[in-house]
Asks: 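Quick one: structure below, then a few questions.
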Amino acid sequence: MEKISVNKFYKPEEIEEKLTKKWEREKIYSLKSDKSDPKYYVLEMFPYPSGEPHMGHARNYIIGDVIAKVLSRKGYNILHPIGFDAFGLPAENAAIKNGMHPRESTMANIDRMRKALKRIGMSYDFDDEIITSDPDYYKWTQWFFLMFYKMGMAEKKEAPVNWCNSCQTVLANEQVISGRCERCDSLVGKRILSQWFLKISGYAQRLLDDMKLLKEGWPERVLTIQRNWIGRSEGAMVDFKLSGSEGISIPVFTTRPDTLFGVTFFILAPEHPLVDKIVESEDYKKEIEKVKNIISGQSDIERGSAEIEKIGCFTGRYVINTLNGREVPVWIANYVLLEYGTGAIMAVPAHDQRDFEFASKYGIPIIEVISPDGESHRKRSAAYSGEGIMINSGKFSGTSSEKGRKDVTSYLEEKGIGKFYVNYKLRDWLISRQRYWGAPIPIIYCEECGIVPVPEKDLPVLLPYDVDFKPKGLSPLFYCDGFVNTTCPQCGGKAKRETDTMDTFVCSSWYFLRYCSPHNDKAAFDSKEVDYWMPVDQYVGGIEHASMHLIYARFFIKVLYDSGLLKFKEPFIKYFPHGIVYLGGQKMSKSKGNIVNPSEIYNKYGADALRLYILFMGPADSPVEWSDSGVEGANRFLNRVWRLVIKNIELIDNIKSTHNERNDPEYPGKDIKDKFKNMKLSRLEMELYRKLHQTIKKVTNDILVRFNFNTAISAVMELVNLIYKYQEEVPDSKKNTSLVKELTWKLLILLSPITPFIAEELWLKAGNTGSIHRVRWPDYDPEIAREELVTIVFQVNGKLRDRMDLPVDTPAEEIKKHVLSSEKVKHYTDGKEIIKEIVVPNKLVNIVVKS
RNA sequence: GCCCGAGUGGCGGAAUUGGUAGACGCAACGGACUUAAAAUCCGUUGAGGUUUUGCCUCGUGCCGGUUCGAUUCCGGCCUCGGGCACCA
């Protein structure tokens, strides 16, 4: 037990360092209790160890930590783990820059990060941390890859892929943001390469359908991002026969089968493999080569912008629109993309703006087939893409466009030339990377046997240490003979290893499973533990992962569910995206130089002030502007709490020895409520007692239900302000020490998840033993929290004219009496006819008069 | 272009179910304490008006509607942020 000494001043630097050690010694960081308690899995997205944690990290982890700490105190068995997403480009680029080996650099960064996390009082059990670049971990990442491979969910295929010239590697679609590399921001080009993909596109519909399981726990805006990314659209797949070549037909996807009669030409993407096959005449071949050259010189961004001029050329061939037997010319054009749909389109210039511009430029006929009013409009200056009535459409003329889509589709199905079709924008997930710092893809290429998966018993395929890891277009492992050359596990003959490594998003798609049994060396995870802990109850992390990690992880879990390994379909029941921290109106970032490092703050004011301010600065899910004076305010509040509590402790100690008859040395009392009932409390004391219970109610609800940490803190501030009022207005000899004790203890408990250090220090200073972080979270008594008096607002015609404090639940008739006798109200109602009197119990009265 | 958010004092924000707009904090100003400063404490702080210790009018992006009553609900617009995007 520590005794009160000279402690007039709050010195965070002294107490925080001391308590960090105490907590580590006493294992206060682990919030696991007992499997008989209800479980709760709180998880924050684990960090890339690219250096010291930044403010965004701090916000993320502090939010998760407060939730975990409160729930643990409410009797939950809490899993609140930490680890490091250690493979990948950021770590590797940083290593190259520093001239260090990625492993050393990563481990050094992890060390700094771990220290910082401990320093800000996070409740992580570091004995259970995981590092994805450890062979113990990536062995199982490789194991999952093999599982996907065996299920037919991983495949090597040739496709146009995104190539980042600066990172010297391919990227997944999700890692290309507006045509630029997610990591280095340089322009991304296209290459046709043979790469490994995970077949996420087959799960598009399931990813959409299962969103209904997330409706409660995920913000709508995140689901919208995913919905947009998956990009479902309904329509028809229609076959167009190539004229003059028996048996060749080209399918196209359209969302508007109702416009089929308006097709006047047909376009293939310039890269479409059919282009070279179908062009016969040498003249056309030359012309096409010319146009293709121009188009391939256009970057993806250029081609993706609507402003760029549409160019193309005729191929000399025709296709037949089976619906009306019309023969239409086949063109190539820059605005048709190989990746989307079938890489070919039917062009309807009257009803598609792009087709309209193209047809106008090249003099292709325009036939109107949808009319808003059923009339034919000879000339238009733009395409009409709205709904209307089908015209010039044979037997379908007169049908509404909505109905026409269905009717035409049925007709196509009957005739066997088309079918209802759902198209998705979601592409397969490209996971190979031509970089060193990642988990090697466990595949062997044998001259005899072809692609051979590495047998499970040979895992992990170790990433060799001694490699020239600088990116050079091909994986650095390709130049590492000791790694590449191997023998075929099937025939024993000479073979070569796959030298690409896996996208780090593969590592992070299952880490939350590993946390359930982090030391298991027999399997990726222990099913019993996963069945107990998973799914994650509360996930916290940046929204920038909405269409990356959060989609990949959902997909991964669905595949594992299908394989029978898991019993749940969604990994994260609730997801809370924290807002970005800004400085000077811009997102804090190293490259812009507008950084406030959390360490600057905790070195100056202490971790508690950092935590308090981060939570107080605004709603946790909205972006906030960093303010230095805001931190000072937080620090001022903590000083205020410190002085208040120290004074209260002294008061309690002094009066204990003078046998004040109102003093009750027992704490916690068996039945606090009865105790106070039998005591005569002054008006202010009653108010304080009530405020305490209201505060407990509000803080608990704001943290656990509303995620409004800022209002939870302002409620505690109000309580502190009121206790100060008591301390200053009432002489010590007249103070009720039982109440002071009750207020002081509970104030500290309410603060303890938010500002763990100061709460613990004051708790100990007051003579308590153990740790405040093991004390049960207080309940509130609704009866005590209930106000006795309530301000009733008197309105006339909806305008506030007077108000009065009346006992709660005063009957309507009595309130009305007060209202009608109010001079102020009379002033507005005298001589006027009262039409209506509205009485809202405990709120207001509104007198409606004729004016 | 389509989809999702948001818009409240000098600033961050609060108002949880349609019922007192501006809680809590920051900044600013005035005062107390001090030789002085820091720290601390007290007071003022949406705008305008006024017969000034009280009261009145206006006020939650803009216009309109529903309602006894709207920051909150509905319709239309504006601005900002975000997602998708020559996506067929």
Side-chain angles (χ1 to χ4, degrees), chain A residues 9 177-178 219-231 233 235 252-256 259 267 269 302-310 333-337 339-348 351-355 357-358 385 423-425 543-544 546-547 580 612-613 616-619 621-634 636-637 639-640 643 698 701-702 705-706 708 710-718 720-721 724 728 791-803 824 827 835-849:
Chain A
F9 303 103
I177 315 290
S178 311
E220 179 56 35
R221 62 193 166 116
V222 180
L223 297 179
T224 304
I225 292 174
Q226 293 206 348
R227 235 177 256 126
N228 284 342
W229 186 254
I230 294 166
S233 53
V252 293
F253 172 69
T254 176
T255 54
R256 294 297 298 270
T259 63
I267 311 175
E302 282 176 305
R303 241 177 110 178
S305 106
E307 278 94 60
I308 197 165
E309 205 195 340
K310 290 173 178 44
N334 57 342
Y335 72 95
V336 174
L337 309 171
E339 293 93 337
Y340 187 75
T342 60
I345 65 158
M346 57 179 231
V348 186
H351 305 293
D352 181 287
Q353 187 57 28
R354 298 154 295 171
D355 297 345
E357 286 167 26
F358 194 82
S385 56
N423 195 64
Y424 303 91
K425 282 185 220 164
I543 197 167
E544 69 272 16
S547 58
I580 295 166
L612 183 71
Y613 177 61
F616 185 61
M617 58 186 176
D621 56 351
S622 53
V624 278
E625 173 76 23
W626 179 264
S627 146
D628 284 332
S629 53
V631 196
E632 278 171 39
R636 201 173 308 157
F637 173 73
N639 273 287
R640 229 164 114 75
R643 289 192 306 269
K698 184 161 173 60
N701 187 56
D702 280 359
V705 181
R706 301 207 312 151
N708 280 6
N710 53 332
T711 52
I713 290 166
S714 61
V716 177
M717 285 173 169
E718 284 182 44
V720 168
N721 290 346
Y724 255 99
E728 278 154 17
T791 307
I792 306 286
V793 168
F794 300 173
Q795 296 182 333
V796 178
N797 286 352
K799 293 208 161 150
L800 188 148
R801 296 304 178 189
D802 202 0
R803 60 186 102 194
K824 288 170 190 163
H827 182 252
I835 305 167
K836 214 172 182 182
E837 290 164 345
I838 290 136
V839 182
V840 184
N842 297 327
K843 285 263 161 72
L844 57 68
V845 176
N846 189 13
I847 308 286
V848 186
V849 297

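Each chain gets a letter, A, B and so on, in the order the sequences are listed, and its residues count up from 1. When reading the values below, keep in mind they use all heavy atoms of this one structure, side chains included, and skip hydrogens, waters and symmetry mates.
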Asks: Rounding to an integer number of Å, can you tell me how far A:N334 CG sits from B:A88 P?
Replies: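 My rounded result for the distance is 17 Å.
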Asks: Heavy atoms under 4.0 Å is the rule here; annotate nucleotides 12-18 of chain B 5' to 3' with B where the base is hit, S where only the sugar-phosphate is, and - elsewhere.
Replies: BSSSB--
Asks: Among B:U20, B:C41, B:G19, which nucleotide sits nearest the side chain of A:I838?
Replies: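 Selected nucleotide (nearest to the side chain): B:G19.
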Asks: From B:U40, B:C84, B:G19, pick the nucleotide closest to the side chain of A:R643?
Replies: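 The nucleotide sitting nearest to the side chain is B:U40.
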Asks: A:D802 has an atom CG; how far is it from atom P of B:U20, in whole Å?
Replies: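 Nearest whole value for this atom pair: 16 Å.
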Asks: Taking atom C1' in both B:U57 and B:C2, what distance in whole Å separates the two?
Replies: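 Looking at atom C1' only, B:U57 and B:C2 are 45 Å apart.
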Asks: From C-beta outward on A:N721, which listed nucleotide comes closest to its side chain: B:C24, B:G69, B:G83?
Replies: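 Of the options given, the side chain of A:N721 lies nearest B:C24.
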Asks: B:C55 base to A:K824 side chain: any donor-acceptor pair below 3.5 Å?
Replies: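 It does not, because no donor-acceptor pair links the side chain of A:K824 to the base of B:C55 below 3.5 Å.
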Asks: Side chain of A:R803 only, heavy atoms from C-beta on: which candidate in B:U20, B:A88, B:C86 is closest?
Replies: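 The listed nucleotide nearest to A:R803's side chain is B:U20.
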Asks: Applying a 4.0 Å non-hydrogen cut-off, can you work out what A:R636 is touching in the nucleic acid: base, sugar-phosphate, or nothing?
Replies: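 Sugar-phosphate, backbone atoms only, no base.
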Asks: Mind checking A:L337 for me? I need base, sugar-phosphate or nothing, with any heavy atom below 4.0 Å counting as a touch.
Replies: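 Base, at least one base heavy atom under 4.0 Å.
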Asks: Nearest of B:C84, B:C86, B:A88 to any side-chain atom of A:T255?
Replies: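 Taking heavy atoms from C-beta onward, the closest nucleotide is B:A88.
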Asks: Compare the minimum distances between each of B:G19, B:C24, B:A85 and the side chain of A:W229, then state the nucleotide with the smallest one.
Replies: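 My answer, after comparing the listed nucleotides, is B:A85.
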Asks: Please report the distance separating the P of B:G43 from the corresponding atom of B:U51, rounded so that it comes out in whole Å.
Replies: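 About 29 Å, rounded to a whole number of Å.
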Asks: Taking the C1' atom of each, how far is B:A21 from B:U71, in whole Å?
Replies: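 Comparing C1' positions in B:A21 and B:U71 gives a spacing of 8 Å.
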